[in-house]
Amino acid sequence: MNKFYFLLAAYIFSFSISLYGQRPNTKKVTFKYIQPPEFPLPSNIKTYHSRVNNYSTRVTTLDNIMPESIISIDGYKKASFLSDADLEVKFSINNASSINYVQKVNYKEKINDSTYVDRVGGIYIVESTINISTFIKDVLNDRILSSKDGINRTQKFTSPRYSTYAAAVSARKANALSDATRTYHALYSTSISSFISSINSDFGYPVKKTSQPIARGKGKKHDYSDLNKAFDIFSSTLEKYDGSNLTPEIELGILNCIDIWNKAILEFVPKKRKARIGDKIIGELYFNLAYAHFILRDWENVYEKLSKANESKGLKRLTKNFDLKAKSLEKRYKSNAVTERP
């Protein structure tokens with residue numbers, strides 16, 4: 001009987017919390033923005049010409065895996081000819097090579113539920129390497145921005161286990177060449193993708209996205225229509241934003257949300273579970289403000305609101321990651337005379 005009353009009391013207590021208590025009720029909102037370069041180029045550089053060279057004699061199909069058009073620098077125009085370009089970009093495959101070998105593998109073969117027999121099988125391994133070079137030159141101002149030669153990229157392929165060593169030897173003879181070719185292609189793809197990402201981080205103006213949670217509030221005994229209204233304004237405003245400079249319309253929409261969230265924060269009552277704005281939602285509201293100030297590039301307020309949000313339980317990882325993102329972007333904006341390409 002005592003157990004029954006204990007469970008009943010626990011149920012009533014939990015029900016009262018859900019009835020009166022507030023919940024953040026967050027939903028992610030995506031924001032697009034132009035990321036300025038870490039190393040901004042002179043403003044007179046507006047075009048680039050890119051080329052992919054394959055000097056490998058072992059893998060002739062690499063030329064067709066990715067066309068040269070895959071190399072792009074966001075914020076700049078691509079020139080058809082080097083003579084018309086302000087920037088020269090080259091990615092070269094100098095050579096490709098591989099080695100393959102077979103290894104013995106000891107394993108137990110199951111005969112029945114109680115019997116296992118020791119066996120010796122085999123696997124084969126293919127280690128493929130491509131050697132690449134990258135080159136970026138400011139042709140207009142006659143200076144080399146980056147030149148890296150003889151970079152090795154290696155990848156290992158391991159076959160499934162074969163029941164006998166002889167079977168692994170036969171499989172290597174039949175498949176090692178095609179496995180090496182496939183690995184070359186994978187190495188080429190990852191290497192050129194990494195090169196493109198590096199170019200755009202250093203010199204480009206790529207459009208990035210971030211999705212962060214916005215608190216809307218929820219509770220049966222409280223009205224959170226103000227927070228829901230702010231969420232609707234916030235999300236619809238960001239849907240109109242194309243990632244370039246903020247317009248007065250975008251800025252006004254964000255400022256309206258900031259005003260609503262600041263008024264809600266004034267209602268905060270700590271350590272009172274029946275409060276409309278209590279401990280369970282106050283941290284998320286401060287994060288709402290941090291996100292809004294991030295959009296307005298008001299960095300001082302971003303860090304101030306994140307510090308407040310960080311005082312709430314469960315938000316430390318979120319605030320830490322967002323703080324790192326904000327500081328990285330702030331540094332880029334401050335190092336650039338302009339925030340986007342004309």
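Heavy-atom basis, side chains included; hydrogens, waters and symmetry copies ignored. Residue indices begin at 1 and follow the sequence shown.
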Given 3.5 Å as the limit, does a donor-acceptor pair link the side chain of T319 with the main chain of L315, or not? yes

Under 3.5 Å, is there a donor on one side chain and an acceptor on the other for S72 and K78? no

So Y33 and F294, would you call those rings parallel, tilted or perpendicular, with 30° and 60° as cut-offs? perpendicular

Gap separating the CD1 atom of I130 from the OG atom of S98, nearest 0.5 angstrom: 12.5 Å

Ignoring hydrogens and angles, tell me if any N or O in the side chain of T190 forms a donor-acceptor pair with the backbone of A186 under 3.5 Å. yes

Minimum heavy-atom distance N141-P42, with the two atoms named: ND2-CG, 3.9 Å

Within one Ile-Leu-Val-Met-Phe-Trp-Tyr cluster: Y116 and V105, side-chain cutoff 4.5 Å: no

Pair L87, L41 - check side-chain contact (heavy atoms from CB on, under 4.5 Å), show working. CA-CA 10 Å; L87 274 182; L41 296 173; 3.7 Å; yes

Is any side-chain heavy atom of I93 closer than 4.5 Å to a side-chain heavy atom of Y188? yes

Does D118 pair with K108 as a salt bridge, N-O distance under 4.0 Å? yes

Inspect the contact between K229 and D226 and indicate whether a charged nitrogen and a carboxylate oxygen are less than 4.0 angstrom apart. no

Ring pair (Phe, Tyr, Trp, His ring centres under 6.0 Å) evaluation trace for Y76 with F203: CA-CA 10 Å; Y76 299 84; F203 310 116; 8.5 Å; no

Residues N94 and G150: closest non-hydrogen pair is ND2-N, 4.2 Å

Atom CZ in F39, atom OG in S146: separation rounded to 0.5 Å? 10.0 Å

Walk me through whether Y48 and E88 qualify under side-chain contact (heavy atoms from CB on, under 4.5 Å). CA-CA 6 Å; Y48 70 95; E88 178 186 8; over 6 Å; no

Do T158 and I123 have side chains that approach each other closer than 4.5 Å (heavy atoms only, starting at C-beta)? yes

Intermediate values then yes/no, side-chain contact (heavy atoms from CB on, under 4.5 Å), S50 and V52: CA-CA 7 Å; S50 63; V52 176; over 6 Å; no

Let me check something: any side-chain donor-acceptor pairs from residues 251-263 under 3.5 Å, sequence neighbours excluded? List them with distances.
{"unit_1": "N256", "atom_1": "ND2", "unit_2": "L252", "atom_2": "O", "d": "3.4"}
{"unit_1": "D259", "atom_1": "OD2", "unit_2": "K263", "atom_2": "NZ", "d": "3.3"}
{"unit_1": "N262", "atom_1": "ND2", "unit_2": "I258", "atom_2": "O", "d": "3.3"}

Any sub-3.5 Å donor-acceptor pair from R332's side-chain atoms to P36's backbone N or O? yes

Between T47 (side chain) and D86 (backbone), is there a donor-acceptor pair under 3.5 Å? yes

For the residue pair D142 and K137, establish whether any side-chain heavy-atom pair is separated by less than 4.5 Å. yes

4.5 Å side-chain heavy-atom contact, P37 and D202: no

Closer than 3.5 angstrom, by distance alone: can the side chain of Y224 be matched with the main-chain N or O of R276 as a donor-acceptor pair? yes

Are side-chain heavy atoms of D149 and S147 found at a separation under 4.5 Å? yes

Distance from I196 atom CD1 to S201 atom OG, nearest 0.5 Å? 13.5 Å

Do N228 and R216 meet the criterion of a side-chain donor-acceptor pair at a distance under 3.5 Å? no

Between the CD1 atom in I250 and the CD atom in E239, the distance rounded to the nearest 0.5 Å is 10.5 Å

For N95 and S56, which I'm curious about, is there any donor-acceptor pair between the side chains at under 3.5 Å? no

Scan Q212, K208, E330 and name whichever one has a side chain to side chain contact (heavy atoms under 4.5 Å, CB included) with K325. Q212

Any chance you could measure I277, atom CD1, to E267, atom CD, to the nearest 0.5 Å? 5.5 Å

Please say whether more than 12 non-hydrogen atoms of neighbouring residues, nucleotides or ligands are located less than 6.0 Å from CG in N112. yes

Taking atom types as modelled and ignoring hydrogens, do the side chains of S312 and D279 form a donor-acceptor contact shorter than 3.5 angstrom? no

State, to 0.1 Å, how close S128 and L187 come at their nearest heavy-atom pair, and which atoms those are. O-CD1, 3.6 Å

Closest contact, heavy atoms only, K274 versus H222: O-NE2, 2.6 Å

Are L238 and V302 in one and the same hydrophobic cluster, where Ile, Leu, Val, Met, Phe, Trp and Tyr link if side-chain heavy atoms are under 4.5 Å apart? yes

Are F157 and Y162 linked, directly or through other ILVMFWY residues, by side chains that come within less than 4.5 angstrom of each other? yes

Between S194 and S191 (side chain of the first, backbone of the second, donor and acceptor by atom type, cut-off under 3.5 Å), is there such a pair? no

What one should report as the nearest heavy-atom pair of N336 and P40 is OD1-CB, 3.1 Å

For this output row, return yes or no: ring centroids of F287 and F322 closer than 6.0 angstrom. yes

Closest non-hydrogen atom pair between I281 and G217, with its separation: CD1-CA, 3.8 Å

Check against side-chain contact (heavy atoms from CB on, under 4.5 Å), F234 and N288: CA-CA 10 Å; F234 193 72; N288 285 7; over 6 Å; no

Using a 3.5 Å distance criterion without hydrogens, assess whether the side chain of S189 forms a donor-acceptor pair with backbone atoms of H185. no

Can you measure from CG (D179) to OH (Y184) and round to the nearest 0.5 angstrom? 11.0 Å

Is the Lys NZ or Arg CZ of K90 less than 6.0 Å from the centre of F135's six-membered ring, within 45° of the axis? yes

Taking the six-membered ring for Trp, are the ring centroids of Y101 and Y124 within less than 6.0 Å of each other? no

Could you see if V269 belongs to whatever hydrophobic cluster contains L227? Use Ile, Leu, Val, Met, Phe, Trp, Tyr and a side-chain cutoff under 4.5 Å. no

Any salt bridge linking D138 with R143? Criterion: basic side-chain nitrogen under 4.0 Å from a carboxylate oxygen. yes

Quick check on the hydrophobic clustering: are V139 and I73 connected, directly or via other members, by side-chain heavy-atom contacts under 4.5 Å? no

Verify whether one side chain among T129 and S97 offers a donor that lies under 3.5 Å from an acceptor in the other. no

Heavy atoms, side chains only, cut-off 4.5 Å: are T237 and F31 in contact? no

Within the 6.0 Å centroid threshold, strictly below: F91 and F195: yes

Does any part of the side chain of W299, heavy atoms only, come nearer than 4.5 Å to the side chain of L329, both counted from C-beta? yes

Taking the side chain as everything from C-beta on, heavy atoms only, tell me whether L246 gets closer than 4.5 Å to I295. yes

No-hydrogen, no-angle side-chain donor-acceptor test under 3.5 Å, Q35 and Y333: no

Is a donor from one side chain sitting under 3.5 angstrom from an acceptor on the other, for S178 and N175? no

